[in-house]
Amino acid sequence: MKPADKARRTMLAIEIPRDELALRIAEQCFAMTAPTGTDPAKALDDMDRMGGPLPMGDSFRRAADAAVQYFHERINAARQPS
């Protein structure tokens, strides 16, 4: 299991869907909102098919993984108030 997968499943005991987070990051980067009912996995796969030097959908998935790992690190580093 990848560290990002483990972090997603253990952080605050909630599941953070990778493709949903990736699509939300993409929406902010493009300053747009996907239509209601958009399938996040399909939208990201469509971005990959657009071409370019790097697959865009995969890049946003990696960004989502990095965000979850960061949240997990910060939560683990948090101190309890005394």
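Quick caveat, the model's predicted, so the values are computed rather than measured.
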Considering only residues two or more places apart or on different chains, which pairs with a residue in residues 46-60 satisfy salt bridge (Lys or Arg N to Asp or Glu O under 4.0 Å)? Lys42-Asp46, Asp46-Arg49, Asp48-Arg61, Asp58-Arg62
Heavy-atom pair of closest approach, residues Ala22 and Ala64: N-CB, 3.7 Å
What I'd like to find out is whether the side chain of Asn76 reaches to under 4.5 Å of the side chain of Glu73, using heavy atoms alone. no
If hydrophobic clusters are built from ILVMFWY residues whose side chains come within less than 4.5 Å, do Met50 and Met32 share one? yes
Suppose the criterion is ring pair (Phe, Tyr, Trp, His ring centres under 6.0 Å): which pairs have a residue in residues 40-69, not counting sequence neighbours? Phe30-Phe60
Here the side-chain hydrogen bond (donor to acceptor under 3.5 Å, both in side chains) pairs for residues 22-41, sequence neighbours left out, are Glu20-Arg24
Looking at every non-hydrogen atom in both residues, tell me the closest pair between Ala43 and Leu23 and how far apart they are. CB-CD1, 4.1 Å
